[in-house]
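Please read the structure below before turning to the comments.
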Amino acid sequence: MGWEIVIGLECHVQLKTASKIFSPASTQFGAAPNTQAHMVDMALPGVLPVMNREAAACAIRLGLAVGGQIAHRSIFARKNYFYPDLPKGYQISQYETPVVSGGQVVISIEGQQRPIELTRAHLEEDAGKSIHEGIAAIPAGCSGIDLNRAGTPLLEIVSEPVMRSAKEAAAYARALHSLVTWIGICDGNLQEGSFRVDANVSVRPAGQREFGTRCEIKNLNSFRFLERAIEIEAQRQVELIEDGGQVIQETRLYDPDAEQTRAMRSKEDAHDYRYFPDPDLPPLILEPAWIQEIQSQMPELPGAMRTRLTEQFGLSEYDALMVSATRGTANYFFQALDAGRSLGVDPKAIANWIMGDVASSLNRDGLEIEQCRVSAVQLAGLIARIADGTVSNKIGREIFASLWTGEFDSADAVISAKGMQQIQDTGLIAQLVDEVLAGNPKMVEEFKGGKDKALNALVGQVMKKSQGKANPQQVTDLIRSKL
Ligand code: ADP
Ligand code: MG
């Protein structure tokens with residue numbers, strides 16, 4: 001029997017505010033335990049939360065970016081549960097009236113664009129952390145509580161159960177990650193937990209209307225794990241049902257080493273949390289004028305930019321997707337484009353370099369595009385020298401590598417320091433060609449016998465003799481005409 005997988009994601013996006021959502025403590029990652037826990041985060045008696053304005057601004061930006069409805073008036077609610085890292089005994093969240101409702105995120109999958117509908121996005125505070133090992137002050141068999149993370153602002157973005165494969169879910173998570181970093185509300189750091197995903201997974205026989213019972217896999221912090229966890233969980237559910245069993249609604253954890261998901265706790269229903277409006281916080285009122293002001297400061301969004309890249313600059317869909325993968329990459333592209341405009345630099349060539357040597361060098365050195373060692377202006381200067389025939393593409397790549405070392409200011413500086421100009425003297429090239437043809441009679445015969453490979457080999461020989469400074473097209477033409 002065919003089975004269909006149904007997936008809805010809840011993504012916890014840590015907002016990039018300097019201080020916490022209801023206290024003035026810093027949100028900086030990595031400080032010594034409990035050095036950034038304000039009395040509000042520690043839940044000392046008698047303290048009161050005060051809403052962080054910037055966290056609300058982040059929620060507005062998200063609402064605008066996904067085309068959702070931004071609530072003029074939303075309510076903070078207490079979600080009650082007991083856990084050692086939650087000293088208040090409740091988490092402040094939003095329940096009946098979230099700050100954002102609806103909206104969508106467009107994903108690209110196998111060349112197709114598809115909107116993923118959102119249910120809602122609500123503001124809430126993060127909990128602290130239990131620490132079980134690695135700290136000398138904690139006696140064996142005991143755990144420590146670090147409240148530095150307690151009160152960190154989160155935006156929980158909930159999708160409709162509209163995804164039908166692990167790949168689609170991963171594409172959505174990536175697109176959302178790209179969007180929240182793009183609009184500057186999240187630093188996107190997956191290792192530090194700034195973007196965490198819970199995956200709700202169920203299966204149903206193909207053609208059935210009703211959803212099956214879902215399980216929720218908690219706290220996935222890599223896209224690869226997300227995809228794998230969903231595949232494994234769906235497989236488990238299918239096997240369970242086919243063996244005559246029943247899926248129980250529960251929360252599960254993914255163990256990447258064992259390649260399995262494991263039950264963590266049975267799933268609470270909403271009523272178990274005894275949600276009620278938090279009497280310590282007034283309703284969150286977002287004035288239309290403020291929303292408009294934020295709207296006017298919004299950057300061009302990735303979707304609109306992709307359209308512009310294809311329509312205005314002639315990039316392919318794929319190239320446009322790559323160039324707009326992050327805002328940093330897009331900025332780099334447009335800087336190179338500006339710098340190269342008067343130099344006759346082709347946008348397509350810039351895109352190729354970004355996806356080629358720029359990406360591989362960054363990858364090799366573990367750098368982000370913001371730390372790229374060849375600036376966009378330098379890259380434009382380099383591409384211009386290839387375009388005007390001063391150097392070949394191959395030499396261009398050597399120049400790029402030289403620029404990467406930081407020893408030179410510009411492609412021109414590398415070219416003159418290393419004498420890399422392409423040979424302009426046709427007589428000299430003709431002489432090299434004659435030498436190569438005379439020295440390789442066998443290849444010449446093969447070419448005449450119809451083997452095109454032989455031509456490539458002959459061109460290669462001439463290029464080698466010229467130390468890469470001949471123009472390969474010119475050499476090819478010359479050999480053809482001579483033979
Ligand atoms: P909670 O997990 O807090 O109880 P919700 O009821 O809002 O919250 O659902 C959370 C997520 O589960 C949403 O992303 C929703 O799309 C998804 N979901 C709901 N029902 C199913 C289902 N049967 N299969 C898969 N996902 C589902
Ligand atoms: Mg949930």
Side-chain angles (χ1 to χ4, degrees), residues 3-13 62 66 68 74 77-81 83 86 90-105 107 114-127 154-173 175-177 195-220 226-227 229-238 240-241 246-254 261 263-276:
W3 291 90
E4 184 173 59
I5 311 177
V6 173
I7 306 151
L9 298 187
E10 296 163 274
C11 297
H12 295 90
V13 172
L62 187 275
V66 299
S74 63
R78 291 186 178 180
K79 181 180 182 180
N80 298 278
Y81 66 93
Y83 210 71
L86 187 76
Y90 59 86
Q91 175 194 27
I92 304 177
S93 181
Q94 296 188 304
Y95 184 55
E96 277 164 347
T97 40
V99 62
V100 176
S101 309
Q104 60 178 43
V105 171
I107 63 167
R114 161 156 150 62
I116 301 296
E117 288 79 22
L118 303 183
T119 313
R120 56 190 271 154
H122 60 256
L123 284 162
E124 61 183 27
E125 59 178 346
D126 208 343
L154 300 177
L155 195 57
E156 176 172 337
I157 302 170
V158 182
S159 85
E160 290 287 294
V162 289
M163 286 159 277
R164 294 291 176 265
S165 72
K167 271 209 162 45
E168 213 168 55
Y172 162 74
L176 185 62
H177 178 265
F195 189 91
R196 310 190 291 266
V197 183
D198 300 344
N200 292 271
V201 181
S202 66
V203 298
R204 63 181 172 186
Q208 179 182 304
R209 272 186 74 95
E210 301 80 46
F211 287 145
T213 305
R214 70 180 151 117
C215 287
E216 181 175 5
I217 316 166
K218 277 271 177 212
N219 273 334
L220 298 156
L226 169 67
E227 192 172 329
I230 293 172
E231 277 167 3
I232 287 170
E233 175 59 17
Q235 187 63 32
R236 183 190 72 88
Q237 293 182 12
V238 167
L240 188 63
I241 298 170
Q246 261 188 339
V247 176
I248 311 162
Q249 184 170 329
E250 62 191 356
T251 302
R252 300 180 69 85
L253 276 185
Y254 172 59
T261 67
M264 185 173 146
R265 56 168 190 253
S266 69
K267 172 77 187 165
E268 303 82 358
D269 278 318
H271 63 252
D272 294 325
Y273 289 120
R274 291 145 47 236
Y275 278 102
F276 66 91

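In listed order, ligands and their atoms are each counted from 1.
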**OP:** Determine, step by step, whether E168 and R114 satisfy the salt bridge (charged side-chain N to carboxylate O under 4.0 Å, His left out) criterion, reporting the C-alpha distance in whole Å, the side-chain angles of both residues, the deciding distance to 0.1 Å, and the verdict.
**Re:** CA-CA 10 Å; E168 213 168 55; R114 161 156 150 62; 3.0 Å; yes
**OP:** Report yes if some heavy atom in the side chain of R214 is under 4.5 Å from a heavy atom in the side chain of V201; otherwise report no.
**Re:** no
**OP:** Would you mind reporting whether I241 and W3 have side-chain heavy atoms less than 4.5 Å apart?
**Re:** yes
Original post:
How close do A169 and M163 get, heavy atom to heavy atom, and via which atoms?
Top reply: CA-SD, 3.6 Å
Original post:
Taking all atoms of both residues into account, what is the closest heavy-atom pair of A229 and T261, and its distance?
Top reply: O-CG2, 4.1 Å
Subject >> Pair R204 + E210: basic N to acidic O under 4.0 Å >> reply: no
Tell me the nearest of [options] to [atom], using heavy-atom distances.
atom	options	value
atom 24 (N) of ligand 1	G8, S202, P161	S202
atom 25 (C) of ligand 1	V6, I5, T251	V6
atom 7 (O) of ligand 1	T213, V162, V158	V158

Original post:
Has Y81 got more than 12 heavy atoms of other residues, nucleotides or ligands less than 6.0 Å from its OH?
Top reply: yes
Subject >> Heteroatom proximity flag, R214 to ligand 1, N/O under 3.5 Å >> reply: yes
Could you list which atoms of ligand 1 come closer than 4.0 Å to a heavy atom of [X]?
X	result
E160	16 (O)
E216	2 (O)
S159	13 (C), 14 (O), 15 (C), 16 (O)
F211	23 (N)
G212	23 (N)
L9	14 (O)

